[in-house]
Amino acid sequence: MSAPPAEGLEQSARLIGVRHQWAYLYAMGPVKSCGGPWREPEAAGFAGFPHINFERKIFMVVVMKPGTEQGEIDRLVDQLQNLGLIVSVTNGVGCSILGLVGDTAAVDMGKITTNENVERVMRVQEPYKKANRKFHPADTVVQVGGAKVGGGNFSVIAGPCSVESKEQIIQVARDVKASGAALLRGGAFKPRTSPYSFQGMGLDGLKLLEEARAATGLPIVTEIMTPKYCDIFEEKVDLVQVGARNMQNFDLLKEVGKMSKPVLLKRGLSNSYEEWIMSAEYIMSEGNQNVILCERGIRTFETYTRNTLDVSAVPAIKRMSHLPVIIDPSHSGGYYWLVEPLALAAVAAGADGLIIEVHNDPANAKCDGQQSLTPERFQALMDKLRPLVELMDKTLVEPD
Ligand code: PEP
Ligand code: MN
């Protein structure tokens, strides 16, 4: 590599993408540090990485808190330069960003993070905008019928995995309402792994859900599997669920984004937070801002439970996005005895609600009986939940 250039980093480089703790910067010309001495990449600690093409500088990115005084920024830049790093100060949206090149192994990331003027140490800009908390600091509150989710409102959605009969859905609706559920769930269209399994009652099931709503006043939540039913769901359903298996069905997401009804977007079985938020972004970019995210357990190496509840999703997603986050402890654990502990963990982690499978006769349920609570067990869970929701400074939304 040759001598330092005359121009600054901002003019000579273009940020092409960022991942994890690193930003990858493609240097279109030679790069210099701002203010500090020029260091050859080898001297800056890259000598041990012969596979690195030095035309592609690896950068760590420090995002400063908005309003940080220049003197504080300069102090941090000095500290970092004293560690042998090349530091470039650039202005992002509303805040200053430090791009670092050098032997980052020598950098104590914890030390940078604990600087009270540092917002975070990571990528420059996320690929999502509408769902991004940076551009919308306040929590979004999603209104579903008379119920609210988010911004301190904790709502419980309960009901059977599938609608099976009029008696079943109305009875379960009455029971869960009596225990404090604010919304009724019930699958009419079921995404089953096997084509030979019960596929749901379809449009007849939707009619029964409407009857259960009429009988109890509970808003209804049910899964949409194809864009062809968007009009029907728009008319009949209060909260439109996009299931885990359709989280990246982008055509469906776009159509649901044109609806006026709020959407419950479940996390895909093996999807990252960013992919999940990007799916919400698909919906929001079409105009529908009322998205609730639902963590429902992810696939891991563990087979003892149906899935693994990723409880970190709650605080992490809330940090990334302003959208409400709820937990589905039923599909996470896959067993009725796991539902209560996982539900309580969800409340403690700061979730904005729960969606729980409740069946009046789990042993004979057509779908997911093993993970369904009886109405009695659901009542016991709600009794434990109430004080915990209060402890978390949230209000349990009671049914109308
Ligand atoms: C469901 O809620 O019944 C369901 C099928 O959930 P998931 O998409 O999370 O598997
Ligand atoms: Mn189910």
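In listed order, ligands and their atoms are each counted from 1. Both backbone and side-chain heavy atoms feed into the values below; hydrogens, waters and symmetry mates do not.
Here the side chains of Val314 and Ile327 are in contact, with some heavy-atom distance below 4.5 Å.
With hydrogens and angles ignored, the 3.5 Å screen pairs a side-chain donor or acceptor of Asn132 with a backbone N or O of Tyr128. Gln370 places no side-chain N or O within donor-acceptor distance of the main-chain N or O of Ser372, the cut-off being under 3.5 Å.
Between the Mn ion (ligand 2) and the N, O or S atoms of Glu357, the shortest distance is to OE2. When distances from the Mn ion (ligand 2) to the N, O or S atoms of Asp368 are compared, OD2 comes out shortest.
Residue, atom and distance of the protein heavy atom nearest to atom 1 (C) of ligand 1 are His331 CE1, 3.3 Å. Nearest non-hydrogen protein atom to atom 8 (O) of ligand 1 is Ala244 N, 2.8 Å. Among all non-hydrogen protein atoms, the one lying nearest atom 9 (O) of ligand 1 is Arg296 NE, 2.6 Å.
Residue Gly243 approaches ligand 1 through these ligand atoms, each under 4.0 Å from one of its heavy atoms: 8 (O). In the vicinity of Lys190, heavy-atom distances shorter than 4.0 Å reach the ligand 1 atoms 1 (C), 3 (O), 5 (C). Those atoms of ligand 1 with a heavy atom of Glu223 less than 4.0 angstrom away are 5 (C).
Taking the six-membered ring where tryptophan is involved, the planes of Phe233 and Phe189 are tilted, since the angle between them lies from 30° to 60°. Ring orientation note: the planes of Tyr335 and Trp337 are close to parallel, at an angle under 30° on the 30°/60° scale.
Rounded to the nearest 10 degrees, the angle SG (Cys161) to the Mn ion (ligand 2) to NE2 (His331) equals 170°.
A salt bridge does not link Glu210 with Lys207: every distance from a Lys NZ or Arg NE/NH1/NH2 to an Asp or Glu carboxylate oxygen is 4.0 Å or more.
Taking a 4.0 Å cut-off on heavy atoms, Arg267 fails to register as neighbouring ligand 1.
Considering backbone and side-chain atoms together, Lys266 places an N or O closer than 3.5 Å to an N or O of ligand 1. In terms of polar-atom proximity, Arg185 is counted as a contact of ligand 1, with an N or O under 3.5 Å from an N or O of the ligand.
Among Arg245, Met247, Glu357, the residue whose heavy atom lies closest to atom 10 (O) of ligand 1 is Arg245.
For Glu116, the CD atom is loosely surrounded, since the number of other residues' heavy atoms within 6.0 Å does not exceed 12.
For the pair Pro219 and Asp238, the tightest heavy-atom approach, listed with the atom from each and the gap, is CA-OD2, 3.2 Å.
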Query raised in the report: Should Ser279 and Gln248 be marked as a side chain to side chain contact (heavy atoms under 4.5 Å, CB included) after you check the CA-CA gap, both sets of side-chain angles, and the distance that decides it?
Result: CA-CA 6 Å; Ser279 289; Gln248 288 191 315; 4.0 Å; yes

